[in-house]
2 protein chains.
Amino acid sequence: MDIFAKKLKERAAQLGISNAEAARLCGLDERRYANYANDQREPDLATLVKIARTLGTSADYLLGLTDTATTDKRSRLVERLTVAASSLPDDQLATVVTQVEALALPRQKRPGKKTPV
Amino acid sequence: MDIFAKKLKERAAQLGISNAEAARLCGLDERRYANYANDQREPDLATLVKIARTLGTSADYLLGLTDTATTDKRSRLVERLTVAASSLPDDQLATVVTQVEALALPRQKRPGKKTPV
DNA sequence: GTCCATGCCGAACGTTTTGTTCGGTTTTAT
DNA sequence: ATAAAACCGAACAAAACGTTCGGCATGGAC
């Protein structure tokens, strides 16, 4: 599956992270992940799912069954944010959400009922 | 991957064919395919793709990635983050990405090969 | 009833593939 | 120049795979 290896590298590039970082995010041994990215080994299905989920993409994309390349620069930034945020512990994630939402909602005179984080 | 096995059987049922017929359609040994459908073996990635294509479905479906209900608490937090971040101007978005990535990868000061924001 | 085509399954065996470790080179930012 | 991080080839034990064999159950044909 050379396509899988290519997509793996392509995805890491989209996210602006190294393969080693992608490995860490996925909770996989760095050498092991590198074997996937270099088309020397193939993961089992559970690992494939874990990678797709962690990198915020689909198995179909990683297997070349769809070509949904994210070319938009802003979209990729948002994806990087999603991937990074997903690896945070609950409390840090909650904090980040609060802060970014504060940034996003510039000035509403009366902040209405908002779901507490 | 018990999900994969289930989806395999589910798909054959949807198509109104036996597992043996599905195996033949995919050009796979009947016993081999049965091992997949019985959750005793797993196919390599190329075979997974062949099955998905032959049965007219997606790898995401076969792997149970489609029905990712966003009912869980963390997923909703991440969704809120995505929505909020998407409304930010470019520079603020870039800043947030940098900060969250720094949080996500608690590591030494030396970043390796990484695409700059 | 007998036959046999079809679907399905467990066990076993030889082969292939994987995960991991070790050591080393290359790259990058200070 | 230095050190941290990224990256990679080789090698080996362990795990997973594909395939074969035999067996069981069902249903239609004769």
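Order of the sequence lines sets the chain letters (A, B, ...), proteins ahead of strands, with each chain counted from 1.
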- Atom pair distance, as rounded to whole Å: CG in Asp29(B) and C1' in dC17(D): 12 Å
- Compare side-chain N and O positions of Tyr33(B) against OP1 and OP2 of dG18(D) and report whether any pair is under 4.0 Å apart. no
- Item | Spacing of Tyr36(A) atom OH relative to dA6(D) atom P, expressed in whole Å | 19 Å
- Task: Give the rounded distance in Å between these two atoms: CG of Leu45(A) and C1' of dT18(C).
- Result: 14 Å
- Item | side-chain contact (heavy atoms from CB on, under 4.5 Å) partners of Ala12(B), counting only residues at least two apart | Ile17(B), Asn19(B)
- In whole Å, what is the span from the CZ atom of Arg41(B) to the P atom of dT15(C)? 16 Å
- Item | Whole-Å gap separating C1' (dA15(D)) and CD (Glu42(B)) | 12 Å
- Query: Under 3.5 Å, is there a donor-acceptor pair between the Glu10(B) and Tyr61(B) side chains?
  - Reply: yes
- Verify salt bridge (Lys or Arg N to Asp or Glu O under 4.0 Å) between Glu30(A) and Arg24(A), making sure each step is shown before the conclusion. CA-CA 7 Å; Glu30(A) 179 186 329; Arg24(A) 264 180 258 116; 5.1 Å; no
- Per the end-axis method with five pairs at each terminus, what is the bend angle of the helix from dG1(C)-dC30(D) to dT30(C)-dA1(D), to 10°? 40°
- Indicate yes or no for a side-chain donor-acceptor contact from Asp29(B) to the backbone of Arg31(B) under 3.5 Å, with no hydrogens or angles considered. yes
- Say whether, by atom type as modelled, one donor and one acceptor occur between the side chain of Arg11(A) and the main chain of Leu62(A) under 3.5 angstrom. no
- Task: Check for a donor-acceptor pair, side chain of Asp60(B) on one end and backbone N or O of Ala59(A) on the other, with a separation under 3.5 Å.
- Result: yes
- Reading nucleotides 6-11 of chain C 5' to 3', which nucleotides get B (base under 4.0 Å from a protein heavy atom), which S (sugar-phosphate only), which -? -SBBB-
- Short side-chain N/O contact from Arg32(A) to OP1 or OP2 of dG19(C), under 4.0 Å: yes
- Item | Arg32(B) side chain to Thr47(B) side chain, donor-acceptor N/O pair below 3.5 angstrom | yes
- Item | Distance in Å, Leu15(B) CG paired with Thr57(B) OG1, rounded so as to fall on 0.5 Å steps | 9.0 Å
